[in-house]
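The block underneath contains the structure these notes are about, expressed in structure tokens.
Values below: every heavy atom of this structure, side chains too, minus hydrogens, waters and symmetry copies. Just so we're clear, the structure is a prediction, and the values are computed from it rather than from any experiment.
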Amino acid sequence: MTGAEALVQALVREGVEVVFAYPGGASMPMHQALSHEPAIRTILPRHEQGGAFAAEGYGRATGKVGVCMSTSGPGATNMITGIADAYLDSVPMVAITAQVGIGLIGTSAFQETDVFGMTAPIVKHSYLVTAVEDIPHIIKEAFYIARTGRPGPVLIDIPKNFQEALFTPDFDAPVNLPGYAPELPLDTASLDKVLPLIAAAKRPAIYAGGGVVIAEAAAELKEFAERTQIPVATTLLGIGAMPESHPLSVRWLGMHGAVYANNTVNEADLVLAIGARFDDRVTGAVRTFCEHAKIVHIDYDAVELNKNKKVDLAIRADAKAALSYLNGKLAEQGCEVKEYAVSNRPEWFGIIEQWKHDYPFSYEKREHEIAPQMIMEELYKQLAGQDPIICTGVGQHQMFAAQFFKFEQPRRLSTSGGLGSMGYGLPAAMGAHMAFPDRPVVNIDGDGSILMNVQEFGTIHIEKMPIKCIIMDNQHLGMVVQWEDLKYDSNRANTFLADPKDEYDPTHHNNDILYPNFPVLLAGFGIKCERVVEPADLPAAIERMLASKEAYVLDIMVPHDVHVLPMIPGGMCYRDVLLERIAGDGKGRKASDLGKEIPSAL
């Protein structure tokens with residue numbers, strides 16, 4: 001068979017069900033081979049970045065390897081953002097790029113780029129095929145690397161002449177990677193030091209990151225929290241690792257996380273960081289993060305241990321294996337599984353409960369204006385019991401979704417964390433739908449973010465994907481506007497998406513100046529889009545959207561002066577949290593400025 005045919009058969013042997021692939025001159029042989037393989041559904045995105053994000057959405061929703069494919073040159077470079085996004089968030093992905101013929105490499109041939117070199121810092125591993133016979137075992141190795149250990153993207157660059165060359169493939173060659181050993185021996189000696197620290201702690205807290213989700217360790221984390229009666233805060237990417245309605249959950253922490261989550265972790269005397277990397281959006285000023293606590297850090301990747309924050313006990317371990325071991329030890333000690341036992345450390349739980357009561361996620365309700373938070377509350381209410389997957393773009397809407405939609409299980413929120421890629425949500429929803437076609441998939445987006453990959457509505461319509469989408473339309477780049485209010489006295493520097501001379505007045509509904517006109521734009525893609533401007537109309541509109549058997553979009557007008565709160569400005573600590581909208585005077589109003597000094601447990 002040809003190299004392209006061998007590639008496709010190798011994908012089938014890896015269990016690949018869907019490939020997001022955009023053709024071009026250098027990749028035509030691979031597309032021809034895909035067209036003859038009924039076991040794989042090939043989805044044509046309308047842009048290679050959309051294909052990469054869709055593969056990532058599939059990988060986040062399932063934990064399996066997402067696959068995307070492009071032609072050489074601009075097709076390959078268009079996928080780089082998606083590859084980088086997968087790398088920073090540890091999403092398993094195999095990105096296959098076509099390359100000019102091997103004899104033309106280095107000659108600046110038509111549509112030649114060194115994608116192998118360009119992506120070197122943002123992949124877990126990369127391959128440039130130099131012999132057609134290597135294709136089967138390279139595919140096998142690539143999938144093994146992408147999904148094992150700390151997952152991530154793997155790039156395979158295949159010159160066109162090898163796609164067309166005939167050979168007799170060997171699909172049964174064993175994986176031989178002597179420098180790669182993803183299986184870790186369990187460090188029981190280090191883990192045995194954890195339980196005495198817990199027993200001695202008066203204010204313990206768990207800080208759980210995306211590594212818990214990746215390790216499929218949510219059940220073990222819940223059991224561990226219930227056996228030890230320790231409150232759990234997650235990161236944005238760890239959302240769902242602990243059911244957010246659970247009494248021991250303090251939701252998620254960080255720049256826009258819950259006040260009570262940030263306080264719980266920062267005022268603990270023992271912090272158990274599991275599958276987290278102490279990134280700046282969580283820690284703020286890293287020097288003052290958890291400065292009064294002993295810190296135990298359990299992570300699979302040795303690189304993350306003591307990288308950003310020096311800790312007292314660093315343990316390299318798989319989160320699932322480590323938590324299973326600790327749960328076994330706790331069971332031996334007679335620590336039972338209890339949902340909530342306030343008698344265990346009553347003073348600590350009392351303080352946390354007071355924080356929850358005094359500083360919930362909240363917002364201002366205005367007449368004739370739809371608050372973004374109101375949208376998420378109504379959506380959550382109407383989706384109760386349906387086990388949806390929520391995807392988001394990047395911006396204020398992303399934070400509102402995480403704040404006001406409670407997630408009870410992992411892999412239900414698909415969002416771009418480390419790279420913060422606008423345009424992620426819509427194509428990611430395509431990937432999530434392909435993974436779980438019978439579950440509701442809703443993309444939450446902003447009018448700025450949605451335009452980054454708006455072309456994928458064409459894919460959604462043609463492929464008959466019943467994806468729902470809410471656009472929080474404020475005519476501005478809302479998160480940048482919020483920072484302009486904080487740092488630049490509300491001076492607008494290219495953050496107004498409509499004509500600068502126009503001002504949208506929500507009380508008069510002067511819709512004629514609203515651009516882009518999403519209902520008109522999406523009609524061109526064959527997608528139903530409804531504009532919503534009045535709060536009273538919101539519940540029925542969401543009900544119509546969810547009831548639709550086809551893709552459906554709500555373009556919901558929201559005010560541009562709403563800020564995501566609470567907010568810990570970058571580089572500051574949890575005590576500097578902003579609780580009210582920034583006044584536009586260049587000075588954020590902190591809790592202490594408002595006479596609302598948050599009580600401390602210290």
Side-chain angles (χ1 to χ4, degrees), residues 149-150 181-235 238 241-242 248 250 253 264-278 282-283 286-287 289-338 341 344-345 347-349 601-602:
R150 182 176 184 173
E183 297 298 325
L184 290 179
L186 195 59
D187 184 359
T188 56
S190 294
L191 288 170
D192 285 340
K193 298 176 183 178
V194 175
L195 297 186
L197 293 174
I198 294 173
K202 294 181 178 179
R203 301 187 308 275
I206 294 169
Y207 153 39
V212 176
V213 176
I214 290 167
E216 305 291 349
E220 288 77 8
L221 174 66
K222 179 172 175 286
E223 179 185 342
F224 179 71
E226 290 180 340
R227 285 190 186 278
T228 58
Q229 290 298 295
I230 298 178
V232 180
T234 74
T235 63
M242 183 74 174
L248 290 170
V250 290
L253 79 167
T264 298
V265 172
N266 276 283
E267 301 203 0
D269 60 3
L270 174 68
V271 172
L272 305 174
I274 306 171
R277 58 189 180 89
F278 294 89
V282 165
T283 65
V286 69
R287 180 184 60 82
F289 183 71
C290 303
E291 61 181 328
H292 304 288
K294 288 185 177 180
I295 301 176
V296 176
H297 189 188
I298 300 173
D299 200 276
Y300 173 87
D301 192 347
V303 171
E304 297 297 343
L305 300 173
N306 289 308
K307 182 179 80 173
N308 294 334
K309 181 76 175 180
K310 298 297 182 183
V311 302
D312 298 276
L313 178 59
I315 305 173
R316 189 184 179 201
D318 171 78
K320 190 181 186 76
L323 287 168
S324 295
Y325 177 81
L326 291 172
N327 284 332
K329 288 292 183 179
L330 288 164
E332 290 175 7
Q333 295 178 8
C335 296
E336 299 178 3
V337 175
K338 297 178 182 177
N344 188 323
R345 304 184 182 92
E347 182 180 357
W348 180 223
F349 280 119
L602 300 176

Using only atom types and a distance under 3.5 Å, with no angle test, would you say the side chain of Lys309 pairs donor to acceptor with the backbone of Phe289? yes

Shortest non-hydrogen contact between Val271 and Cys290, atoms and distance: CG2-SG, 3.9 Å

Do Asn306 and Val311 pass the side-chain contact (heavy atoms from CB on, under 4.5 Å) test, and can you show the C-alpha distance, the side-chain angles, and the key distance before you say yes or no? CA-CA 6 Å; Asn306 289 308; Val311 302; 3.4 Å; yes

Judged by modelled atom types alone, do Tyr207 and Asn266 share a side-chain donor-acceptor pair under 3.5 Å? no

Shortest non-hydrogen contact between Thr264 and Pro231, atoms and distance: CG2-CG, 3.9 Å

Looking at CG of Asp318 and CD of Glu220, how far apart are the two atoms once the value is rounded to the nearest 0.5 Å? 9.5 Å

Any sub-3.5 Å donor-acceptor pair from His297's side-chain atoms to Ala276's backbone N or O? yes

Main chain of Ala215, side chain of Lys320: is a donor-acceptor contact present, judged purely on distance under 3.5 Å? no

Quick check against the 3.5 Å criterion: does Gln229 have a side-chain atom that pairs as donor or acceptor with the backbone of Asn344? no

If you round to the nearest 0.5 Å, how far is NZ of Lys329 from OG1 of Thr188? 8.0 Å

Mind checking the CG-OG spacing from Leu186 to Ser324? Nearest 0.5 Å is all I need. 9.0 Å

State, with a plain yes or no, whether a side-chain heavy atom of Lys202 is found less than 4.5 Å away from one of Arg345. no

Taking Arg150 for its side chain and Tyr300 for its backbone only, find out whether a donor-acceptor pair lies under 3.5 Å. no

Closest contact, heavy atoms only, Gly209 versus Thr235: CA-OG1, 3.4 Å

What do the steps show when you test Trp348 against Ile230 for side-chain contact (heavy atoms from CB on, under 4.5 Å), and what is the final call? CA-CA 10 Å; Trp348 180 223; Ile230 298 178; over 6 Å; no

Would you say Leu602 and Arg203 make side-chain contact, with heavy atoms under 4.5 Å? yes

Please determine which of Leu197, Ile298, Ile198 meets the side-chain contact (heavy atoms from CB on, under 4.5 Å) test together with Leu272. Ile198

Ala217 versus Ala319, closest heavy-atom pair with distance: CB-C, 4.2 Å

Derivation of the side chain to side chain donor-acceptor pair (under 3.5 Å) call for Tyr325 and Asp192: CA-CA 9 Å; Tyr325 177 81; Asp192 285 340; 2.6 Å; yes

Enter the distance from Asn327:CG to Leu221:CG here, rounded to the nearest 0.5 Å. 9.0 Å

To the nearest 0.5 angstrom, please state how far the CG atom of Leu330 sits from the CG atom of Leu195. 5.0 Å

Using the rule side-chain contact (heavy atoms from CB on, under 4.5 Å), only one of Leu305, Asp301, Asp299 pairs with Arg316; which is it? Leu305

Closest non-hydrogen atom pair between Val286 and Asn308, with its separation: CG2-O, 3.3 Å

How about NZ on Lys307, more than 12 heavy atoms from neighbouring residues, nucleotides or ligands closer than 6.0 Å, or not? yes

Which heavy atom of Ala241 sits nearest to which heavy atom of Val212, and what is that distance? CB-CG1, 3.9 Å

Give, for atom CG of Leu326 and atom CD1 of Ile315, the distance between the pair rounded to the nearest 0.5 Å. 7.5 Å

Is the number of heavy atoms from other residues, nucleotides or ligands under 6.0 Å of Gln333 CD greater than 12? yes

Could you check whether Glu304 pairs with Arg277 (Lys NZ or Arg NE/NH1/NH2 to Asp/Glu carboxylate O, under 4.0 Å)? no

Closer than 3.5 angstrom, by distance alone: can the side chain of Asp269 be matched with the main-chain N or O of Ala293 as a donor-acceptor pair? no

